[in-house]
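As structure tokens, the structure follows; a few thoughts come after it.
These numbers come from the heavy atoms of this one structure, side chains and all, not from hydrogens, waters or symmetry mates. These figures come from a predicted structure and were not determined experimentally.
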Amino acid sequence: DALTRSTPLRQPRLVHTIPDDILNNSELNQMIEEQLPANYNFEVHKTIWRLKEAKCKTVALQLPEGLQMFACPLADILGKYAEVE
């Protein structure tokens with residue numbers, strides 16, 4: 001059949017999970033709760049994990065105009081927990 005492929009177009013990605021020491025860090029969760037609005041999902045845990053995995057040292061933030069007021073708290077959180085500048 002012309003519509004059936006014998007091999008997939010790409011290999012499925014392995015499922016990566018955020019480590020529990022990041023997800024369940026009470027100090028981190030408290031900072032997120034206190035400094036960032038609850039009605040937005042900044043995916044802070046995922047970002048910290050990805051930055052640590054990539055061994056990043058410097059990070060630039062780009063936020064829409066309406067969220068720029070959260071750039072400094074977000075930078076503080078990432079700096080402390082992802083150990084980036």
Side-chain angles (χ1 to χ4, degrees):
D1 184 57
L3 298 176
T4 306
R5 292 190 182 275
S6 60
T7 58
L9 291 175
R10 62 187 167 121
Q11 295 296 323
R13 286 177 35 177
L14 295 174
V15 177
H16 297 288
T17 56
I18 301 168
D20 286 337
D21 64 318
I22 295 174
L23 282 176
N24 300 321
N25 185 321
S26 58
E27 187 179 327
L28 168 60
N29 291 333
Q30 183 177 357
M31 281 185 82
I32 292 170
E33 186 178 317
E34 290 174 356
Q35 297 183 19
L36 299 174
N39 55 332
Y40 288 102
N41 181 3
F42 289 93
E43 295 189 344
V44 175
H45 298 95
K46 180 179 176 181
T47 303
I48 290 170
W49 174 63
R50 296 283 306 266
L51 292 171
K52 284 184 166 193
E53 282 241 309
K55 296 179 175 54
C56 294
K57 297 294 176 199
T58 304
V59 175
L61 296 177
Q62 181 176 356
L63 298 172
E65 191 173 322
L67 296 178
Q68 287 178 358
M69 66 185 88
F70 303 112
C72 287
L74 190 55
D76 291 342
I77 291 169
L78 295 178
K80 183 172 183 175
Y81 293 97
E83 300 169 6
V84 295
E85 292 182 25

For Glu34, what residues pass the side chain to side chain donor-acceptor pair (under 3.5 Å) criterion, not counting sequence neighbours?
Gln30
Filter on side-chain hydrogen bond (donor to acceptor under 3.5 Å, both in side chains), then keep only pairs touching residues 72-85, sequence neighbours left out; what's left?
Glu27-Lys80, Glu27-Tyr81
How far does CH2 of Trp49 sit from CD1 of Ile22, to the nearest 0.5 angstrom?
8.5 Å
Salt bridge (charged side-chain N to carboxylate O under 4.0 Å, His left out) partners for Glu43, two or more places apart:
Lys46
Side-chain donor-acceptor pair under 3.5 Å between His45 and Asn29, yes or no?
yes
Would you say that Lys52 contacts Ile48 through its side chain, given a criterion of any heavy-atom pair below 4.5 Å between the two side chains?
yes
Output a table of donor-acceptor pairs, distance under 3.5 Å, between side-chain atoms of residues 55-75 and any protein atom two or more places apart or on a different chain; print 'none' if there are none.
none

Of all the heavy-atom pairs spanning Leu78 and Val84, show the shortest one and how long it is.
O-CG2, 3.6 Å
